[in-house]
Protein chains: 2
Amino acid sequence: MQEHENQFRDFLKQKGLKLTKSRNLVLEAAFKLHEHFDAETLYSHIRAANVSLATVYRTLPLLVEAGLIQLAVRSEGRDRFEHILGHPKHVHWICERCKQVAETDLSSLQEALDAEAKSIKFQIGQITINITGLCRNCSIDEYEQD
Amino acid sequence: MQEHENQFRDFLKQKGLKLTKSRNLVLEAAFKLHEHFDAETLYSHIRAANVSLATVYRTLPLLVEAGLIQLAVRSEGRDRFEHILGHPKHVHWICERCKQVAETDLSSLQEALDAEAKSIKFQIGQITINITGLCRNCSIDEYEQD
DNA sequence: GATCTTGGTGCAAATGATTCTCATTAAGGA
DNA sequence: TCCTTAATGAGAATCATTTGCACCAAGATC
Ligand SMILES: [Mn+2]
Ligand SMILES: [Mn+2]
Ligand SMILES: [Zn+2]
Ligand SMILES: [Zn+2]
């Protein structure tokens, strides 16, 4: 039994919700993927098991509330998530030109954020640090174009 | 003539776009408001001048590209923006319970981010740091509830 | 394990923010 | 002032996400 399964079960029990076959499939799909995913992607991985897209949409916020996944970015009009467990906090560097998303460790910023949170007495749930701009390749291209 | 007007005019000229009455009204509305705003809000402030909602939506990305405004948060399904000029970079502390958004200065993090950017040769455009969780009041409430 | 209560599910229709189409207008360079 | 062409208003179209509803299945109880 994986840790995320335990965590989800505990979360549901504590909320008086049921652990269903469909919810479990959504969870498993989310942890099988190791990149950002949207609802449709998750759905494509489990539709064969007769899980509806609506249920995927209904389960996603549960996983977020359980602290298992989080919204990573929103691109092309769709919300893209990523699982959290086993995936250390990171910064997203989003290239506006090629749309690629790079990640770097967040630890160098963590301390400053925690201090700030403490001073305003804010209880941190999730941290999103997304930086848009030009990746190395694309800023080189820009230069050459002029 | 305000600085944002100059900046917008220059941006448009450099892109070969026209400075129209409607675009100017959108710009002015965005800088008259000093909180986060969505397209509909902007629209409500200038609809009397016969500016269409479509034009508001068309102008918003121009203002973003011009570096005059940026996406602040997405809440209740709507994109909310904020103007940048005269509004130093800041972190958003978003309470999941009361939905209030507090802001703190970003300068303590700026240095670490710049160093990181330099090392991966990423040219920073905009920085979004949004932290969700519980604000002081709401975390007190949670405690009392149990 | 059978029963019961209640939330969960699939499916299809609804919603709503954002985008697009198109006929008409107006920047702004010549 | 004239001309070219992008921009605009109005409304229709998109499409990710949400909902309503009739049936189903967790999981608590006995
Ligand atoms: Mn990520
Ligand atoms: Mn802000
Ligand atoms: Zn790139
Ligand atoms: Zn709060």
Side-chain angles (χ1 to χ4, degrees), chain A residues 5-6 8-30 36-66 69-81 99, chain B residues 5-6 8-30 36-66 69-81 99:
Chain A
E5 293 177 295
N6 286 320
F8 193 36
R9 174 190 301 105
D10 293 346
F11 168 79
L12 292 172
K13 180 168 292 179
Q14 172 244 319
K15 291 274 275 185
L17 302 176
K18 295 171 181 171
L19 177 54
T20 67
K21 184 173 273 187
S22 291
R23 281 176 177 164
N24 234 326
L25 287 167
V26 175
L27 175 68
E28 293 315 317
H36 298 171
F37 57 83
D38 58 22
E40 197 74 41
T41 301
L42 234 44
Y43 175 56
S44 73
H45 285 252
I46 56 181
R47 64 193 309 172
N50 196 37
V51 176
S52 75
L53 180 56
T55 291
V56 172
Y57 273 109
R58 285 186 280 234
T59 305
L60 251 9
L62 291 177
L63 296 180
V64 169
E65 196 184 343
I69 68 171
Q70 74 179 123
L71 182 62
V73 297
R74 161 165 255 272
S75 73
E76 293 161 336
R78 265 165 282 148
D79 283 343
R80 296 181 183 285
F81 300 82
K99 310 299 178 194
Chain B
E5 293 177 294
N6 286 321
F8 193 36
R9 174 190 297 105
D10 292 348
F11 168 79
L12 291 173
K13 180 168 294 180
Q14 173 244 317
K15 291 276 273 185
L17 302 177
K18 295 171 182 173
L19 176 55
T20 67
K21 183 173 271 187
S22 291
R23 282 177 176 163
N24 233 327
L25 286 167
V26 174
L27 174 69
E28 293 315 317
H36 298 171
F37 57 83
D38 57 23
E40 197 75 41
T41 301
L42 233 44
Y43 176 55
S44 73
H45 284 252
I46 56 181
R47 64 191 309 171
N50 195 38
V51 177
S52 76
L53 181 55
T55 291
V56 172
Y57 273 108
R58 285 187 281 233
T59 304
L60 252 9
L62 291 178
L63 296 180
V64 168
E65 197 184 343
I69 69 172
Q70 74 178 121
L71 181 62
V73 297
R74 159 165 257 270
S75 74
E76 294 161 333
R78 262 164 286 150
D79 283 343
R80 295 181 183 286
F81 300 82
K99 310 300 178 193

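These numbers come from a predicted model, not from an experiment. Convention: sequence-line order gives letters A, B, ...; per-chain numbering from 1.
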Chemist: Nearest whole Å is fine: how far is D:dG11 P from B:Arg58 CZ?
Modeler: 14 Å
Chemist: If the cut-off is 4.0 Å, is B:Tyr57 near the phosphate of C:dT18, judged by side-chain N/O to OP1 or OP2?
Modeler: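 Checking B:Tyr57 against C:dT18: at least one side-chain N or O falls below 4.0 Å of OP1 or OP2.
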Chemist: Of the nucleotides D:dG9, C:dT18, C:dT9, which has the atom closest to the A:Ser22 side chain?
Modeler: C:dT9
Chemist: Could you tell me whether the side chain of B:Arg47 and the main chain of B:Ser52 form a donor-acceptor pair under 3.5 Å?
Modeler: no
Chemist: Would you say the side chain of A:Phe81 lies within less than 4.5 Å of the side chain of A:Asp38, judging by non-hydrogen atoms?
Modeler: no
Chemist: What's the CZ-C1' distance between A:Arg80 and D:dT17, to the nearest Å?
Modeler: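 About 15 Å, once rounded to whole Å.
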Chemist: Return the value, rounded to whole Å, for the distance between atom CD of A:Glu40 and atom C1' of D:dT17.
Modeler: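 For the pair A:Glu40 CD and D:dT17 C1', the rounded distance is 11 Å.
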Chemist: Measure CG/B:Leu62 against P/D:dA6 and give the value in whole Å, please.
Modeler: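 One finds 14 Å between P of D:dA6 and CG of B:Leu62, rounded.
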Chemist: Determine the contact category for B:Asn50: base if any of its heavy atoms lies under 4.0 Å from a base atom, sugar-phosphate if only primed atoms, P, OP1 or OP2 are that close, otherwise nothing.
Modeler: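 Contact class for B:Asn50: sugar-phosphate only.
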Chemist: With A:Ser22 as reference, evaluate A:Val51, A:Ile46, A:Thr59 under the side-chain contact (heavy atoms from CB on, under 4.5 Å) test and give the passing residue.
Modeler: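 The option that passes is A:Val51.
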Chemist: So if I take every side-chain heavy atom of B:Arg23 and compare against C:dA17, D:dT17, D:dA7, which nucleotide ends up nearest?
Modeler: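 Per side-chain heavy atoms of B:Arg23, the pick is D:dA7.
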Chemist: Check nucleotides 26-29 of chain C against the protein and report each pair of N or O atoms closer than 3.5 Å, with its distance, or say if there are none.
Modeler:
residue : atom : partner : partner atom : Å
C:dA27  : N3   : B:Lys18 : NZ           : 3.1
C:dG28  : OP1  : B:Leu19 : N            : 2.8

Chemist: Would you please name every residue forming a salt bridge (charged side-chain N to carboxylate O under 4.0 Å, His left out) with B:Lys15, sequence neighbours left out?
Modeler: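 Here the qualifying residues are B:Glu65.
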Chemist: Checking the side chain of A:Arg23 only, and the main-chain atoms of A:Lys18 only, is there a donor and an acceptor separated by less than 3.5 Å?
Modeler: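 Flag set: sc A:Arg23 to bb A:Lys18 pair under 3.5 Å.
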Chemist: Report the distance from atom CG of B:Leu12 to atom C1' of D:dA7, rounded to the nearest whole Å.
Modeler: 12 Å
Chemist: Could you tell me whether a side-chain N or O of B:Arg9 sits under 3.5 Å from a main-chain N or O of B:Leu12, the two making a donor and an acceptor?
Modeler: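 Checking the backbone N and O of B:Leu12 against the side chain of B:Arg9, no donor-acceptor pair under 3.5 Å is found.
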Chemist: Between D:dT17 atom P and A:Phe81 atom CZ, what is the distance in whole Å?
Modeler: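 Atom-to-atom, A:Phe81 to D:dT17, this comes out as 7 Å.
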Chemist: Within this structure, what is the OH-to-P distance between B:Tyr43 and C:dG16, rounded to whole angstrom?
Modeler: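 Value for this atom pair: 17 Å.
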Chemist: When you look at B:Leu19 and B:Asn24, which way does the side chain to side chain contact (heavy atoms under 4.5 Å, CB included) test go after all the steps?
Modeler: CA-CA 7 Å; B:Leu19 176 55; B:Asn24 233 327; 3.8 Å; yes
Chemist: Can you check the B:Leu53 CG to D:dA12 P distance for me, whole Å?
Modeler: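 Those two atoms, CG and P, are 15 Å apart.
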Chemist: By nearest nucleotide on DNA chain C, pick out whichever of B:Ala39 and A:Gly16 is the more 5' one.
Modeler: A:Gly16
